[in-house]
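Worksheet for the structure shown next.
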There are 2 protein chains.
Amino acid sequence: MKNRENIPRATIERLPLYYRCLDKMDTFEEVEVVSSKDLGGKLDIPSTQVRKDLSYYGEFGRRGVGYNVNELKRSVGKILGVDRTWEAILVGAGNLGRALVNYGSFAMMGFKITNVFDNDLNKIGNVINTLEVKSIQELPKVVQKNEIKLGVISVPAEAAQEVADEMVDAGVKAIWNFAPTRLYVPDGIEVRNEDLAVGIVSLIYHLSWQEETGE
Amino acid sequence: MKNRENIPRATIERLPLYYRCLDKMDTFEEVEVVSSKDLGGKLDIPSTQVRKDLSYYGEFGRRGVGYNVNELKRSVGKILGVDRTWEAILVGAGNLGRALVNYGSFAMMGFKITNVFDNDLNKIGNVINTLEVKSIQELPKVVQKNEIKLGVISVPAEAAQEVADEMVDAGVKAIWNFAPTRLYVPDGIEVRNEDLAVGIVSLIYHLSWQEETGE
């Protein structure tokens, strides 16, 4: 395997797409072998790109034959780290927080929210999908005791930086941020901003173009 | 402007990032001129890529001087179609649906959910941020009367295709799908799948690597 630091971010972001697609083929469609062309075709990714992405991580598949679906799925899953379960805390028990706790497809990705925090007395003590909402003051203790590395932020933008600071102080190493604001974190802490507004704009762009051209 | 069909998808997906960044500089930071290097730097995009992306849409900025922030923001906003308001319907008044209706940053992107539907009698009639949840049976009438082109799906995976079909039949042209399943739609209908599980995997990948290397 090449040094992971030199692998393009775009490649890393395509791995989960490959994984989900392979998992679907393996689990539901009983496909045994797949070519880079077919795998790419299902995801709108050119076959040359599929082969290049996978080549960063080693030799998979056989020229002229294709990839064994189950083997490749397990290999990609291992690269991604989804072959084990990653516990996460979530701060912000509003609608979005509740939606995330209830979101069904995370389990397949090895991701499990095990603790939910809020600072709102009206929310503390409520139960979301078997998890009781705890006071934010309990965060450091819970993170340290369970050695949790992953935190999800679903609080309003103005509260997000403070929550991020508390997470990092407690030992969280990776933050999934749903608050529409940029977070400042020390080196070595990974942040992924999930900016929902970006998604809608690509649709608006297409609608806008359709109206313009009358198509 | 080049034929929009030939513009790479990745370019289109970067436009909203430019727009948000320019809007922030223009509105809050009172920046008047920005170079492609500075704009790219804020977004981790190489300056050559910034210039290439914008060049698809015309001539902006002056060599050696940079872009006028306010002008470029308005130009990009116009390209994206966010200079007007796009009404949308949402189907699925669960936690995620409620979170989306309440999400603050959509307005800036010209996106507004004006009608919410569900088929659950316990949800119909509830009010989410001033909107009363309507029965799904009213969907066709509402879409046609208001000429709504944009639909958001936040129902469970197994119900999503049926909802998509109803939207398309009623006249919706672009679907933002939060259900973790692939939708089949006729040609000319644009779908954007917002697969939340993909986001978490890139974080898990980094954590997994950190543990492996002990960094």
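Atom set for the values below is all heavy atoms of this structure, side chains included, hydrogens, waters and symmetry mates excluded. Residue numbers start from 1 in every chain, and the chains themselves are labelled A, B, ... in the order their sequence lines are given, proteins ahead of strands. None of the values given here were measured: they were computed from a predicted structure.
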I would like to know whether A/K173 and B/L207 meet side chain to side chain contact (heavy atoms under 4.5 Å, CB included); could you show each step before the answer?
-> CA-CA 7 Å; A/K173 300 292 182 204; B/L207 279 180; 3.7 Å; yes

Which residue out of B/V201, B/I204, B/V152 racks up the most heavy-atom pairs below 4.5 Å with chain A?
-> B/I204

Most heavy-atom pairs under 4.5 angstrom with chain A, which of B/L150, B/V82, B/L15?
-> B/L150

Go through the atoms of A/F178 and report whether side chain, backbone, both or neither lie under 4.5 Å from a heavy atom of chain B.
-> both

With the side chain counted from C-beta on, respond yes when B/R98 and A/R98 share a heavy-atom pair under 4.5 Å apart, and no when they do not.
-> yes

Answer yes or no: are there more than 12 heavy-atom neighbours, outside A/Q144 itself, under 6.0 Å from its atom CD?
-> yes

How far apart are the closest heavy atoms of A/W176 and B/L203, and which atoms are they?
-> CB-CD1, 3.5 Å

Search all heavy atoms of A/G81 against all heavy atoms of B/S208 and return the closest pair with its distance.
-> CA-OG, 3.7 Å

For B/E29, look at atom CD and say whether over 12 heavy atoms of other residues, nucleotides or ligands are found less than 6.0 Å away.
-> yes

For chain A, the option from B/L96, B/L80, B/V101 that forms the most heavy-atom pairs under 4.5 Å | B/L80

Where on A/I12 is there a heavy atom nearer than 4.5 Å to chain B: the side chain, the backbone, both, or neither?
-> side chain

A/Y205 versus B/I79, closest heavy-atom pair with distance | CD1-O, 3.5 Å

When rounded to the nearest 0.5 angstrom, what is the spacing between CD1 in B/I200 and CD1 in A/I113?
-> 8.0 Å

